[in-house]
Structure formats: C-alpha cells, structure tokens
Amino acid sequence: MAYNHKKELSKPERFVGGHRLCAGCGAGLVCRGMLRALDEGDKAVVCNATSCLEVSSFLYPYTAWEDSYIHSAFENAAATCGGVEAAYNVLKRKGKLDGTYKFLAIGGDGGTYDIGFQSLSGAMERGHDMVYFCYDNEAYMNTGIQRSSSTPRFASATTTPSGAVSVGKKQNKKNLTEIMAAHGIPYAAQTTFLGNFKDFHEKAHRAIYTEGPAFVNVMSPCPRGWQYSPELLPEICKMAVETCVWPLYEIIEGKWRLNYMPKNKLPVTEFMKLQGRFKHCFKPGNEWTLEAAQQYVDEQWEKLLDRCENA
C-alpha cells in the first residue's frame with residue numbers, strides 16, 4: 001500500500017468534532033487516524049472501554065462516532081469486540097449480513113495494561129479477527145491521574161506524588177507491545193501520530209487488514225496528567241521518538257522490524273523537560289533520576305535493536 005497523504009486526509013471524518021476531549025489530548029487523533037485507515041466502503045464496529053475517550057465522545061443522545069459503537073465496561077472491551085466478531089461470522093454464514101465489517105477495540109492504558117489485560121490476552125489467544133488500539137497516556141486520567149503499570153518510572157501521579165520523600169513512581173513502565181507479541185499474534189506494533197502520520201496510518205491499515213488478531217500501541221499524551229501546554233503535543237511525540245523513549249517498530253508474523261532510526265539519538269531529558277510530571281527530576285539532588293532514566297532507555301533500545309532484523 002502506497003501512502004498518499006493528500007488522499008487519506010481527504011476522506012470523510014468518521015470521528016467527528018463536537019466531542020468533549022481536552023485541547024491537546026492525543027486520544028481524538030488516534031480515533032481519527034484509526035478510522036481513516038479503513039478502506040472506503042468498509043464498515044466498522046468500535047468497542048470502547050470506559051475511559052476519558054468514552055465519556056467525552058459518547059453522551060447519549062450525542063456521539064462523535066459515525067460507525068457502530070459499543071461502550072463496554074472498563075475491563076472487557078476486547079471480549080466484547082471478540083463476541084461481536086463471532087456473531088458477525090455466524091450471521092454472514094447464514095446470509096443475513098452483506099458488506100465488509102471490521103472490528104476495532106480501543107481503550108486507554110488503564111483499561112488495557114491493567115484492568116482489561118485479562119480480556120485482551122484472551123481475545124488475542126482465541127484468534128478473533130479484530131484489532132485492539134491502545135491510546136497510551138500512561139495513567140488513569142479519567143479518574144484523577146492515578147498511576148498505572150504504563151506510567152514510567154519517576155513520573156508524578158496522584159497515587160505516586162513527588163515530594164520530600166518520593167521521586168514519583170518507583171517501577172518502570174510495562175512493555176505491553178512486547179507482551180502482545182509474545183501471544184504469537186500475526187501483527188503487533190508501536191507508533192504515535194504527530195510527526196509520524198505515515199507510520200501511524202500504515203500500521204493501522206496493516207493491523208486492520210491482517211487476518212486474525214492484531215494490536216497497535218499508540219503513545220497518546222495527556223495535557224492534564226503530563227502537565228504540558230496543548231501546543232506542545234507534537235513536540236512531545238517527536239521527542240519521545242527521537243530519544244528512543246517510544247521507538248517505532250512492528251512485529252509481523254513473529255519478525256521484529258524497526259521503522260525509524262534516529263539520526264542523532266537525543267538524551268531522555270529532551271523528552272522529560274517538556275512535562276511537569278518530571279519537573280522534580282531536574283531539582284538539585286535528583287540528578288540520579290535522570291541518569292537512571294537514561295540508562296533504562298538505553299538498555300531497552302539496545303534490546304530492541306538486537307531483536308529487529310533490519311536494525
């Protein structure tokens with residue numbers, strides 16, 4: 001598939017304006033890009049876990065979704081999506097449905113890395129022909145910015161606040177993309193959108209049109225939880241990639257492939273300094289946190305390079 005930026009942006013929006021997402025939020029851009037990756041004429045069923053996205057995009061009788069939409073509980077978006085996909089297959093065999101439908105589940109990191117992990121793992125293992133998109137904003141933003149297993153080490157959250165006796169979260173971020181790849185699914189990928197529209201679109205399209213289960217993890221910054229001005233959203237996404245905090249890669253039928261190699265790998269501080277949740281790391285006496293963060297990113301980057309056949 002040759003990516004045509006002008007053609008893709010000319011498609012009618014399937015996630016429309018008027019929703020209540022915050023200015024500078026990445027989740028809406030994930031939805032727009034996800035649905036734009038569908039081929040024209042194909043229909044979609046979207047299963048959305050309880051989240052900021054759900055409460056902001058669907059408040060009966062108003063909706064931002066042009067396609068069929070199901071709001072599931074926090075913990076079972078993937079199971080719901082798998083159930084709908086199974087019902088569709090039965091109805092199609094009986095000749096009761098025409099047309100091509102694609103099945104997309106979406107949730108934040110709370111409903112994906114943590115509460116919905118069992119449901120997600122089960123759906124991937126059963127082999128449903130569906131895609132799960134995680135918009136990863138690295139905390140439970142909808143309920144008060146509590147830490148999740150996606151929250152990076154040293155980030156300040158309401159349940160891991162920085163202060164006189166704490167430097168934020170103690171644990172490193174869970175690598176969910178790697179865990180999903182370990183399920184042996186046909187396709188898993190990690191991407192972001194701003195500054196990487198081509199990468200995001202190609203991965204979303206490949207995931208949707210890969211037969212069987214697929215998973216796409218999208219870095220999706222949150223202005224409230226990450227503490228940045230809305231206009232910094234593109235720069236934060238760019239720095240996440242250029243510092244290798246959030247590498248762009250995919251796993252196709254078990255083969256790891258790097259999609260972007262920074263020409264000049266930047267220090268992790270270029271990413272961290274843009275966000276208030278890390279401001280305590282730059283205070284005198286906390287230099288060790290920056291060193292530890294850099295060491296962790298370097299180790300994970302080298303590990304990824306060893307796995308990728310084209311690195």
Side-chain angles (χ1 to χ4, degrees), residues 5-74 76-77 80-81 84 99 101-112 116 130-145 191-197 200-201 204-205 207-208 216-237:
H5 190 70
K6 185 176 181 180
K7 178 183 177 182
E8 295 304 329
L9 290 182
S10 68
K11 287 181 178 179
E13 292 285 356
R14 296 168 75 155
F15 183 79
V16 299
H19 53 72
R20 296 165 177 83
L21 290 166
C22 299
C25 169
L29 293 172
V30 175
C31 296
R32 291 174 66 192
M34 172 183 77
L35 294 171
R36 189 178 283 120
L38 288 158
D39 290 343
E40 293 185 68
D42 287 353
K43 301 174 183 178
V45 177
V46 179
C47 300
N48 186 187
T50 297
S51 57
C52 289
L53 175 61
E54 174 267 316
V55 298
S56 299
S57 66
F58 188 93
L59 185 62
Y60 185 81
Y62 306 105
T63 181
W65 302 89
E66 293 292 303
D67 290 275
S68 299
Y69 175 84
I70 302 173
H71 164 217
S72 74
F74 220 145
N76 65 347
T80 300
C81 195
V84 175
Y101 284 79
K102 296 298 179 181
F103 302 92
L104 315 175
I106 186 167
D109 53 283
T112 307
M130 58 173 278
V131 186
Y132 193 106
F133 287 86
C134 176
Y135 69 95
D136 188 354
N137 56 30
E138 299 189 329
Y140 289 85
M141 303 305 181
N142 184 42
T143 55
I145 316 175
T191 186
T192 186
F193 36 86
L194 292 167
N196 296 282
F197 284 119
F200 178 88
H201 177 84
H205 187 275
I208 292 169
V216 182
N217 207 1
V218 191
M219 172 169 275
S220 179
C222 169
R224 292 187 67 247
W226 294 25
Q227 301 171 41
Y228 63 84
S229 297
E231 68 274 11
L232 290 178
L233 177 60
E235 183 69 10
I236 289 173
C237 291

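Given the structure is predicted, the values throughout are model-derived calculations rather than measurements.
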Quick one: pull up CZ in F133 and CG in N48 and give me the separation to the nearest 0.5 Å.
-> 13.0 Å
Considering all heavy atoms of both residues, which atom of F193 and which atom of V30 are nearest to each other, and what is their separation?
-> CE2-CG2, 3.5 Å
For Y69 and F58, indicate whether the former's side chain and the latter's backbone hold a donor-acceptor pair under 3.5 Å.
-> no
Any chance you could measure L104, atom CG, to I70, atom CD1, to the nearest 0.5 Å?
-> 11.0 Å
Kindly indicate whether the side chain of V46, heavy atoms from C-beta on, has any atom under 4.5 Å from the side chain of L35.
-> yes
Could you walk me through whether C81 and Y132 pass the side-chain contact (heavy atoms from CB on, under 4.5 Å) check?
-> CA-CA 9 Å; C81 195; Y132 193 106; over 6 Å; no
T192 versus C237, closest heavy-atom pair with distance | OG1-SG, 3.5 Å
What's the shortest heavy-atom distance between L21 and C52, and which atoms?
-> CD2-O, 4.1 Å
Counting only N and O atoms by type, is there a donor-acceptor contact under 3.5 Å from the side chain of S72 to the main-chain atoms of C47?
-> no
Should L29 and L233 count as side-chain neighbours, where that means a heavy-atom distance under 4.5 Å?
-> yes
Can you tell me how far CZ of R20 sits from CG of L53, rounded to the nearest 0.5 angstrom?
-> 12.5 Å
CE of M141 to OH of Y135: how many Å apart, nearest 0.5 Å?
-> 10.0 Å
Using 30° and 60° as the class limits, which term best fits the ring planes of Y140 and F74: parallel, tilted or perpendicular?
-> perpendicular
Does the side-chain contact (heavy atoms from CB on, under 4.5 Å) test come out yes or no for D39 and H205, once each step is laid out?
-> CA-CA 8 Å; D39 290 343; H205 187 275; 2.9 Å; yes
Using a 4.5 Å cut-off on heavy atoms from C-beta on, say whether the side chain of F15 contacts that of M34.
-> no
Polar side-chain atom of S51 near backbone of A49 as donor-acceptor pair, under 3.5 Å | yes
Under 3.5 Å donor-acceptor, T63 side chain and W65 backbone = yes
Side chain S57, main chain H19, donor-acceptor under 3.5 Å = no
What's the shortest heavy-atom distance between C31 and I106, and which atoms?
-> SG-CD1, 3.9 Å
Distance-minimising heavy-atom pair for A44 and R14 = N-NH2, 3.9 Å
Can any side-chain N or O of D109 pair as donor or acceptor with the backbone N or O of N137 at less than 3.5 Å?
-> yes
What heavy-atom pair brings A27 and S220 nearest, and what distance separates the two atoms?
-> N-OG, 3.1 Å
For K43, check salt bridge (Lys or Arg N to Asp or Glu O under 4.0 Å) against everything at least two apart and list the hits.
-> none
Report yes if some heavy atom in the side chain of V45 is under 4.5 Å from a heavy atom in the side chain of D67; otherwise report no.
-> no
To the nearest 0.5 Å, atom CG of N217 lies from atom OG1 of T112 at 8.0 Å
So do E66 and E13 actually touch side chain to side chain, heavy atoms under 4.5 Å?
-> no
Is a side-chain N or O of Y228 found less than 3.5 angstrom from the main chain of G24, in a donor-acceptor match?
-> yes
Is R36 reaching over with its side chain to a backbone N or O of K11, donor-acceptor style, under 3.5 angstrom?
-> no
